[in-house]
Amino acid sequence: VGAADPGILRPLVRPFAAGGGLTLAYAIGLALLVRKDMPLPSGASKAFDFRTAIIFAALVAAFSLISWAIIAWLGQAAIFASVTATALIDAHAAAVAVATLVASNKLSASSGAFAILTGFSVNMIAKAPAAFALGSLGYGMRVTAGLMILIGGLWAGYAWSVLLP
């Protein structure tokens with residue numbers, strides 16, 4: 001995002017600081033609660049699946065192209081719909097698209113920051129069902145709680161930056 005438009009980072013400092021700080025506190029709290037005698041996972045695991053990576057890259061490319069086309073066709077009115085749809089697949093692609101619009105003066109930095117936070121929030125909410133589907137109930141609850149803390153922190157930081165510029 002900063003490479004596309006460094007100016008977009010300024011209105012995102014407080015939201016990212018608040019969200020990151022609260023999430024770090026939550027992670028430290030969970031780490032302190034973990035018992036040392038918990039069994040380690042057994043069996044082989046794959047850290048990287050080439051087929052999944054290719055499918056994900058294709059989805060990101062397709063959604064980025066669709067997002068760009070929607071914005072080009074419908075203009076600024078479609079930015080938030082486009083960011084939301086793109087963020088369901090990849091928050092980074094949505095954020096870079098917004099930063100590019102800010103860099104080309106088609107969107108203000110404050111509106112861009114709002115759009116990026118909206119995209120990140122949508123992306124985090126979309127991860128919650130996956131956490132329940134891929135893990136135990138406890139795992140899903142811990143991940144979802146962390147995601148909600150992150151989202152709450154982002155928006156608290158945004159409110160902080162709007163109320164106390």
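Hydrogens, waters and symmetry mates are skipped; everything else that's a heavy atom, side chains included, is used. Here the structure is a predicted model, which is why all the values come from computation and not from measurement.
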J.: CD1/Ile54 to CZ/Phe50 distance, rounded to the nearest 0.5 angstrom?
T.: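 Result: 4.0 Å between the selected atoms.
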
J.: Could you list who else is in Leu30's hydrophobic cluster, with ILVMFWY side chains joined at under 4.5 Å, directly or through other members?
T.: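 Leu22, Tyr26, Ile149, listed by chain and number.
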
J.: Of all heavy-atom pairs between Ala99 and Ile8, which one has the smallest distance, and what is that distance?
T.: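 Scanning both residues completely, I find the closest heavy atoms to be CB-CG2, 4.2 Å.
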
J.: Does Leu154 share a hydrophobic cluster with Val162, counting links as ILVMFWY side-chain heavy atoms below 4.5 Å and allowing steps through other members?
T.: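 Yes, Leu154 and Val162 fall within the same hydrophobic cluster.
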
J.: Test of understanding: with side-chain contact (heavy atoms from CB on, under 4.5 Å), list the residues that count as partners of Trp155, not counting sequence neighbours.
T.: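 Partners of Trp155 under the side-chain contact (heavy atoms from CB on, under 4.5 Å) test: Phe114, Leu117, Thr118, Ser121, Ile151, Tyr158.
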
J.: What distance separates Ser161 OG from Arg10 CZ, expressed to the nearest 0.5 Å?
T.: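 So the gap between those two atoms works out to 10.0 Å.
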
J.: Is any side-chain heavy atom of Arg14 closer than 4.5 Å to a side-chain heavy atom of Leu164?
T.: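 Yes, at least one pair of side-chain atoms sits under 4.5 Å.
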
J.: Starting from Met141, can I reach Ile125 by hopping between I/L/V/M/F/W/Y residues whose side chains sit under 4.5 Å apart?
T.: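 As far as the 4.5 Å side-chain criterion goes, Met141 and Ile125 are not connected within one cluster.
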
J.: Does Ala93 have any side-chain contact (heavy atoms from CB on, under 4.5 Å) partners at least two apart in sequence or in another chain, and if so, which?
T.: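 Only Val60, Ser64, Thr86, Asp90 meet the side-chain contact (heavy atoms from CB on, under 4.5 Å) criterion with Ala93.
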
J.: Ring pair (Phe, Tyr, Trp, His ring centres under 6.0 Å): which pairs involve residues 121-148, sequence neighbours left out?
T.: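 For residues 121-148: none.
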
J.: Is Leu9 reachable from Trp160 through a run of hydrophobic residues whose side-chain heavy atoms are each under 4.5 Å from the next?
T.: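 In one cluster with Trp160: Leu9, no.
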
J.: Once side-chain contact (heavy atoms from CB on, under 4.5 Å) is applied, do any residues pair with Ala97, and if so which ones, sequence neighbours excluded?
T.: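 So Ala97 forms no side-chain contact (heavy atoms from CB on, under 4.5 Å) with any residue.
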
J.: If I compare all heavy atoms of Gly153 with all of Ala18, which pair ends up nearest, and what's the gap?
T.: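 It is O-CB, 3.3 Å.
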
J.: Rounded at 0.5 Å granularity, tell me how far CD1 in Ile28 sits from CG in Leu33.
T.: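 Atom-to-atom, Ile28:CD1 and Leu33:CG are 12.0 Å apart.
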
J.: Please name all residues satisfying side chain to side chain donor-acceptor pair (under 3.5 Å) with Asp5, sequence neighbours left out, ordered by chain then number.
T.: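 Asp5 satisfies side chain to side chain donor-acceptor pair (under 3.5 Å) with no residue once adjacent residues are dropped.
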
J.: Suppose we screen for side chain to side chain donor-acceptor pair (under 3.5 Å). Which residues come up paired with Ser111, at least two apart in sequence or across chains?
T.: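 Result, side chain to side chain donor-acceptor pair (under 3.5 Å) vs Ser111: Ser108.
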
J.: What pair of heavy atoms forms the shortest contact from Gly112 to Val102, and how long is it?
T.: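 Residues Gly112 and Val102, closest heavy atoms: CA-CG2, 3.9 Å.
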
J.: Measuring from atom CG of Leu147 to atom CZ of Arg142, what distance do you get when rounded to the nearest 0.5 angstrom?
T.: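 Between atom CG of Leu147 and atom CZ of Arg142 there are 13.0 Å.
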
J.: Do you know the tightest heavy-atom contact between Gly20 and Leu150?
T.: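 The answer is N-CD1, 4.5 Å.
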
J.: Nearest 0.5 Å, please: how far is CD1 in Ile79 from CG in Leu107?
T.: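 Here the interatomic distance stands at 4.5 Å.
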
J.: Heavy atoms only: give me the nearest Val1-Ala95 pair and the separation to one decimal.
T.: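 That closest heavy-atom pairing would be CG2-CB, 3.5 Å.
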
J.: For residues 16-25, pull every pair meeting side chain to side chain donor-acceptor pair (under 3.5 Å), keeping only residues two or more places apart or in separate chains.
T.: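 Matches after skipping sequence neighbours: none remain.
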
J.: With sequence neighbours excluded, tell me which residues meet side-chain contact (heavy atoms from CB on, under 4.5 Å) with Leu88.
T.: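 In terms of side-chain contact (heavy atoms from CB on, under 4.5 Å), with neighbours along the sequence ignored, Leu88 is linked to Val122, Ala126.
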
J.: Restricting to non-hydrogen atoms, name the atom on Ala109 and the atom on Pro11 that form the minimum distance, rounded to 0.1 Å.
T.: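 Looking at all heavy atoms of both residues, the shortest contact is O-CG, 3.8 Å.
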
